[in-house]
There are 2 protein chains.
Amino acid sequence: MATILEVAKRAGVSKATVSRVLSGNGYVSHETREKVMQAVAETDFRPNLLARNLSVKSTQTIGLVVTNTLYSGNYFSELMSHSARMLEQQGRQLILADGKHSAAQERAAIDFLLDLRCDGIIIYPRFLTVDEMDEIIAQRKQPVLVVNRRLRQHHSYCIYADQKQISAMAVKALIDLGHRDIGFITGSLDSPTGAERLAGYKAALHERGIPLREALIAEGKWHAQSGAQATAALINSGCAFSALVASNDEMAIGAIRHLTTANIAVPKQVSVLGFDDIPLAPYIVPALSSVRIPVTDMIQEAIARLLAMLDGGSWQEAEAFAASLSLRESVAPGPFAS
Amino acid sequence: MATILEVAKRAGVSKATVSRVLSGNGYVSHETREKVMQAVAETDFRPNLLARNLSVKSTQTIGLVVTNTLYSGNYFSELMSHSARMLEQQGRQLILADGKHSAAQERAAIDFLLDLRCDGIIIYPRFLTVDEMDEIIAQRKQPVLVVNRRLRQHHSYCIYADQKQISAMAVKALIDLGHRDIGFITGSLDSPTGAERLAGYKAALHERGIPLREALIAEGKWHAQSGAQATAALINSGCAFSALVASNDEMAIGAIRHLTTANIAVPKQVSVLGFDDIPLAPYIVPALSSVRIPVTDMIQEAIARLLAMLDGGSWQEAEAFAASLSLRESVAPGPFAS
DNA sequence: TTGTACGCGTTATCAT
DNA sequence: ATGATAACGCGTACAA
């Protein structure tokens, strides 16, 4: 690997001059510029970004921490494609670090990215508690933004959706359609999102004066297969239901699959509701209605806010920037035209 | 950010000593070690990986180049989850760079990762030709492995599947089931994979002595909606078909969706075949059969081979390592248990 | 067992 | 317009 020094020798100039023509800063005569360009071409010179970043104290990269249990599935794809696309426009690079499967490992992933001198971090947490994150944010010098959690202290460092309310709205919509026996398939209950969506279900029943029956609740693990198993469990419990709410689309798909193979006509007798984690889902399974959960909006907002903090821009700029992008339309297909 | 020098001062020792206790290399007395540990804790010291990597000339990271047109969809998730999991076991980090949407940009992504001094690169190419890649591999010092393409020169730097043959097998299977009028939905024909799968279709018909009819071929663009549109085009062409092969699962899903809404009973009259890009697909749509395309196997093999080249290990070790992992089972659900 | 001093490849601040 | 030279933060022979 040719270094800047070798190029300098070959061109008969000093390192400084080469650096000048490469960066475009400072004056260089036309002829020496030519000589340098020539030498660069001859040596296949490529700059060492480690050295450069060490010198300028900035890497133009931002780090993303996600648990690998989310790696399979569309949720993750959405996250990645939107993040990469937005940062690409800003000339920044995304580095993904694996949050693995514990709070300690999520913490380690953050520190790893900071050790790499990422300019900022976005974490989509799974195991760290909000208090732990508040503490982390307070300690680190670089900005660490948290998606999908509501922090107690650093309000401007988190972007969240009201999962409980969204879930409650969905359930109330079913109730208002006349359903009174509504089954509910939870997500993993050790995840805040899972717990909040369940809480929304309970709140909706309470608000409409419908008694809660535990037999209508089955625990799932977010994936399709667990949705099917939960559905089987509900049926076996003997409790009839006229509608079913699954805590995400994958489980809803699993539920529909089970109902179908069990010869229960889905569209007629059972209405299944999922959450819009998978843009494709409604096209795949017509019987499925989905509530929109703004993953995309959240990550978009997080990146815009982070960039504003880094560039020292104002909040207005950040919001305008976020608003100027309508990423969702560009990725998810519109109403299905067949 | 505290540096190693500040820690050294605070502990009353030299940089070198601090470096020794941190890395574990070299002798240090028990008491000075304690003093250093204390100072490290007090200063919240974190090593600067840029400086370290610059010094040791190795980053323990490997780079992955993928076009962002693949970011949405399960193909990408599979790629990422398997890659990250394998590298995690080896204490290495994965850095993803966007290949964007042209050969030049794919080339730029490779160079960017090399400038960051990744120890090696894996590219899942979309626009670069095999000849361009052979040239790139020849020029760069670091190993660049190519997935899903057959290179002309650097045979040990590429991992590929015989897309044409796999496609032909699928079509022949349908023929042997008695089908003679088989529709085919292509992928994007500017992608080698799309072209090869179409070639397989044609070869299978030829081999079984069935005349090729262009009216039975419709062009798709890999996504579900284009699959539905292609199906509509086939129907409008007036050419009846008893079976349909789509060049990937997403389009197969779109096809089934169209047939269903058009009141054509899928399982009875039409057999739809996709390629197993989406592990979930067969569970989603019972009418869909899939041919297994080994994305997972390819990426697994690529990483194993790359690691072997980097660690200077033997090919036997690489193969044994690859074989020791049965990643697929751990991610894709087994036969659907409801 | 510990410290000195140099190298890693750039950028940036001085002079000249 | 160009060239020394000092950072940047860390690893590591080599000496002591």
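Every chain is numbered from 1, with letters handed out A, B, ... down the list of sequences.
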Along DNA chain D, first and last positions that approach a heavy atom of chain A under 4.0 Å:
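The footprint of chain A covers D:dA1 to D:dG9.
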Output yes when at least one side-chain N/O atom of B:T17 is less than 4.0 Å from OP1 or OP2 of C:dT2, else no.
no
So, does B:S29 get its side chain near the phosphate of C:dT1, meaning an N or O under 4.0 Å from OP1 or OP2?
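No, no such contact exists.
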Using a heavy-atom distance cut-off of less than 4.0 Å, which residues of residues 1-15 of chain A contact DNA chain C?
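Contacting residues: A:T3, A:I4, A:K15.
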Starting at atom CG of B:L116, determine the distance to atom P of C:dT10, rounded to an integer number of angstrom.
13 Å
Given atom CG of A:L49 and atom C1' of C:dT11, what is their separation to the nearest angstrom?
13 Å
5' precedence on DNA chain C between B:R117 and B:S55 (nearest-nucleotide basis):
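Going by which nucleotide is closer to the 5' end, it is B:S55.
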Start at the 5' end of DNA chain C and walk down; is the nucleotide closest to B:G26 or to B:K57 reached first?
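The 5'-side residue here is B:G26.
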Taking only Lys NZ, Arg NE, NH1 and NH2, and the carboxylate oxygens of Asp or Glu, determine whether B:D44 and A:R140 approach each other closer than 4.0 Å.
no
SB check A:R10 A:E42 (cutoff 4.0 Å):
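Looking at A:E42 together with A:R10, the answer is yes, because their closest N to O distance falls below 4.0 Å.
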Enter the inter-axis angle for the ends of the helix from C:dT1-D:dA16 to C:dT16-D:dA1 (five pairs per end, rounded to 10°).
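Computed from the C1' atoms at both ends, the axes differ by 40°.
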For a quick check of understanding: with a heavy-atom distance under 4.0 Å over all strands, which category does B:T32 fall into, base, sugar-phosphate or nothing?
sugar-phosphate
